[in-house]
Trainee: 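Can you read through this structure? Questions will come right after.
None of these values were measured; they are calculated from a predicted model.
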Amino acid sequence: MILLHRISSFGVALVALLSFTALLMGSSHPLLVVFVCGILTSLLMARLLGFQVRTFQFWHLLGTPLLFLLSSFGLFFLLESISVKMLLSGLVTILLLFFVEHVFNFIHLPTKYQPFTLEYLSQLFHVLSVFFLATLGFGLRLFLHTPLWLLSLAFFLVLMFIMYGTLWAGKVDALKARPYAFATALLITELFAVISFLPTGFYTNAAFLALGVYVLLGLSRADALHKLSQEVLRRYVAVFALNLHGLDFFCLLHMRH
């Protein structure tokens with residue numbers, strides 16, 4: 001039985017790789033590829049997790065890699081360079097394999113699981129998912145003039161899952177996590193709406209939003225666990241300032257070209 005679960009963990013990465021390959025070759029309709037990929041990934045992850053659908057652990061460990069994979073297709077469709085698409089495909093597949101392997105250890109081989117690994121990986125996946133989704137959202141707004149209220153509503157719902165899932169993984173009590181998740185998701189959604197009016201590129205806007213999510217995730221978790229100190233605050237502010245400086249440099253470089 002455990003061998004079948006081991007195959008399931010590698011199957012998720014294989015499905016992702018085959019889906020990206022199909023999109024690169026253009027042999028099937030893109031939406032059909034994404035749909036089939038989502039269904040197969042969901043089934044493989046659900047089987048790996050034992051179909052414990054009544055627990056939030058099930059939905060968190062299923063939804064986190066699924067959201068990461070599906071949102072990466074949004075960035076994939078906006079990229080023009082084949083080499084960059086291939087790089088994105090390989091990176092997403094490797095990260096998925098790494099995440100699902102730790103899920104396998106966490107569920108079926110707990111003696112091999114390293115504590116807090118899934119907590120940190122989930123936070124990384126959530127930040128990257130926000131970047132992918134924000135890139136797609138800004139791209140849809142720019143190219144297809146998708147209504148901002150519709151994008152904001154979808155973004156808010158995804159952020160609620162991300163924020164609550166991150167706090168849950170950080171062992172924050174459910175009653176305390178909900179208001180934190182709602183307030184943070186609302187704040188980031190408002191930031192998404194405001195940034196959409198800026199004259200900067202959608203990659204830059206998405207990177208700025210993902211940076212804001214990283215900082216707010218860390219500060220919300222620290223505050224909910226009563227671990228927010230001046231040292232923690234200074235560390236996140238420093239990370240935000242350094243990365244913001246890098247984004248400013250990137251914007252100036254992009255404008256010159």
Side-chain angles (χ1 to χ4, degrees), residues 6-45 48 62-104 117-118 120-144 146 155 158 162 200-211 213-214 243 246-247 249-251 253-257:
R6 168 65 71 181
I7 295 174
S8 297
S9 63
F10 283 99
V12 172
L14 180 61
V15 168
L17 183 60
L18 291 176
S19 299
F20 281 118
T21 303
L23 292 175
L24 286 170
M25 296 177 62
S27 57
S28 303
H29 193 282
L31 293 182
L32 178 61
V33 173
V34 174
F35 178 76
V36 173
C37 178
I39 294 296
L40 292 178
T41 302
S42 298
L43 290 175
L44 288 170
M45 286 300 302
L48 181 63
L62 183 147
T64 297
L66 182 63
L67 177 63
F68 172 71
L69 175 58
L70 295 181
S71 63
S72 68
F73 289 124
L75 177 60
F76 183 91
F77 291 138
L78 292 174
L79 294 173
E80 298 180 1
S81 172
I82 298 298
S83 59
V84 178
K85 286 186 175 183
M86 293 176 63
L87 179 62
L88 175 65
S89 304
L91 179 62
V92 170
T93 302
I94 292 173
L95 287 176
L96 269 177
L97 178 61
F98 192 61
F99 184 91
V100 179
E101 272 293 291
H102 282 287
V103 172
F104 170 79
T117 302
L118 285 177
Y120 295 126
L121 282 177
S122 296
Q123 186 171 355
L124 172 64
F125 271 45
H126 289 158
V127 173
L128 290 175
S129 297
V130 168
F131 173 73
F132 295 152
L133 288 172
T135 303
L136 178 61
F138 291 130
L140 291 174
R141 177 74 175 162
L142 178 64
F143 297 122
L144 299 181
T146 305
F155 204 66
V158 172
I162 287 177
T200 48
F202 49 84
Y203 293 120
T204 305
N205 291 344
F208 178 79
L209 195 67
L211 178 61
V213 168
Y214 168 75
N243 285 274
L247 285 176
F249 176 78
F250 178 80
C251 289
L253 187 64
H254 180 73
M255 292 174 63
R256 289 180 181 180
H257 289 80

Trainee: What verdict does the side chain to side chain contact (heavy atoms under 4.5 Å, CB included) test give for Tyr203 and Leu78, after you've listed the backbone C-alpha separation in whole Å, the side-chain angles of each residue and the deciding distance to 0.1 Å?
Mentor: CA-CA 10 Å; Tyr203 293 120; Leu78 292 174; 4.0 Å; yes

Trainee: Rounded to the nearest 0.5 Å, how far apart are CG of Leu124 and OH of Tyr214?
Mentor: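 OH of Tyr214 is found 10.0 Å from CG of Leu124.
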
Trainee: Measure the CG-CG distance between Leu31 and Leu23 for me, rounded to the nearest 0.5 Å.
Mentor: 9.5 Å

Trainee: Can you give me the closest heavy-atom contact between Thr146 and Arg141, atom names plus distance?
Mentor: O-NH1, 3.3 Å

Trainee: Mark yes when over 12 heavy atoms from residues, nucleotides or ligands other than Phe35 sit less than 6.0 Å from its CZ; otherwise mark no.
Mentor: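 Open: at most 12 neighbouring heavy atoms sit under 6.0 Å from CZ of Phe35.
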
Trainee: What pairs meet the salt bridge (charged side-chain N to carboxylate O under 4.0 Å, His left out) rule with one or both residues in residues 20-29, with sequence neighbours excluded?
Mentor: none

Trainee: Phe131: what forms a ring pair (Phe, Tyr, Trp, His ring centres under 6.0 Å) with it, not counting sequence neighbours?
Mentor: none

Trainee: Checking Ser83 now: which residues fulfil side-chain contact (heavy atoms from CB on, under 4.5 Å) with it, not counting sequence neighbours?
Mentor: Ser81

Trainee: Evaluate the side-chain proximity of Phe104 to Val12: yes if any heavy-atom separation is below 4.5 Å, no if none is.
Mentor: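 The answer is no, as the side chains (C-beta and beyond) never meet within the 4.5 Å cut-off.
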
Trainee: Which atom pairs, one a donor and one an acceptor, fall under 3.5 Å between side chains of residues 87-100 and the rest of the protein, sequence neighbours left out?
Mentor:
unit_1	atom_1	unit_2	atom_2	d
Ser89	OG	Lys85	O	2.8
Thr93	OG1	Ser89	O	2.8

Trainee: Got a sec, which residues hit side-chain contact (heavy atoms from CB on, under 4.5 Å) with Leu32, two or more places apart in sequence or on another chain?
Mentor: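 For Leu32 the side-chain contact (heavy atoms from CB on, under 4.5 Å) partners, ignoring immediate neighbours, are His29, Val36.
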
Trainee: For Gln123, check side chain to side chain donor-acceptor pair (under 3.5 Å) against everything at least two apart and list the hits.
Mentor: none

Trainee: Rounded to the nearest 0.5 Å, how far apart are CZ of Phe68 and CD1 of Ile162?
Mentor: 11.5 Å

Trainee: Please test Val213 against His126 for side chain to side chain contact (heavy atoms under 4.5 Å, CB included), starting from the C-alpha separation and ending with a verdict.
Mentor: CA-CA 9 Å; Val213 168; His126 289 158; 6.0 Å; no

Trainee: Once you round to the nearest 0.5 Å, how far does CE of Met25 lie from CG of Leu18?
Mentor: 11.0 Å

Trainee: Please name the pair of heavy atoms, one in Leu209 and one in Ala134, separated by the smallest distance, quoted to 0.1 Å.
Mentor: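 Shortest heavy-atom contact: CD2-CB, 3.8 Å.
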
Trainee: Tell me the closest heavy-atom pair linking Ala206 and Thr135, and the distance in Å.
Mentor: CB-OG1, 3.1 Å

Trainee: Do Phe132 and Phe76 make the cut of ring centroids closer than 6.0 angstrom?
Mentor: no

Trainee: What residues, two or more places apart in sequence or in another chain, satisfy side-chain contact (heavy atoms from CB on, under 4.5 Å) together with Val15?
Mentor: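 Val15: side-chain contact (heavy atoms from CB on, under 4.5 Å) contacts with Ser19, Cys37, Leu40, Thr41, Leu44.
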
Trainee: Residues two or more places apart in sequence or in another chain: which of them pass side-chain contact (heavy atoms from CB on, under 4.5 Å) with Thr117?
Mentor: His102, Tyr113, Gln114, Leu121

Trainee: The criterion is side chain to side chain donor-acceptor pair (under 3.5 Å); which residues satisfy it with Ser129, sequence neighbours excluded?
Mentor: none

Trainee: Does Val130 reach the side chain of Phe155, with side-chain heavy atoms less than 4.5 Å apart?
Mentor: yes

Trainee: Which atom names give the shortest non-hydrogen contact between Leu70 and Gly38, and what distance separates them?
Mentor: CD2-CA, 4.1 Å

Trainee: With sequence neighbours left out, write down each residue that passes ring pair (Phe, Tyr, Trp, His ring centres under 6.0 Å) with Phe138, or none if nothing qualifies.
Mentor: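 If we apply the ring pair (Phe, Tyr, Trp, His ring centres under 6.0 Å) test to Phe138, skipping adjacent residues, the hits are Phe192.
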
Trainee: Are any non-hydrogen side-chain atoms of Leu136 and Phe73 less than 4.5 angstrom apart?
Mentor: no

Trainee: Which pairs, with at least one residue in residues 90-103 and sequence neighbours excluded, count as a salt bridge (charged side-chain N to carboxylate O under 4.0 Å, His left out)?
Mentor: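 Passing the test, one end in residues 90-103: Arg6-Glu101.
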
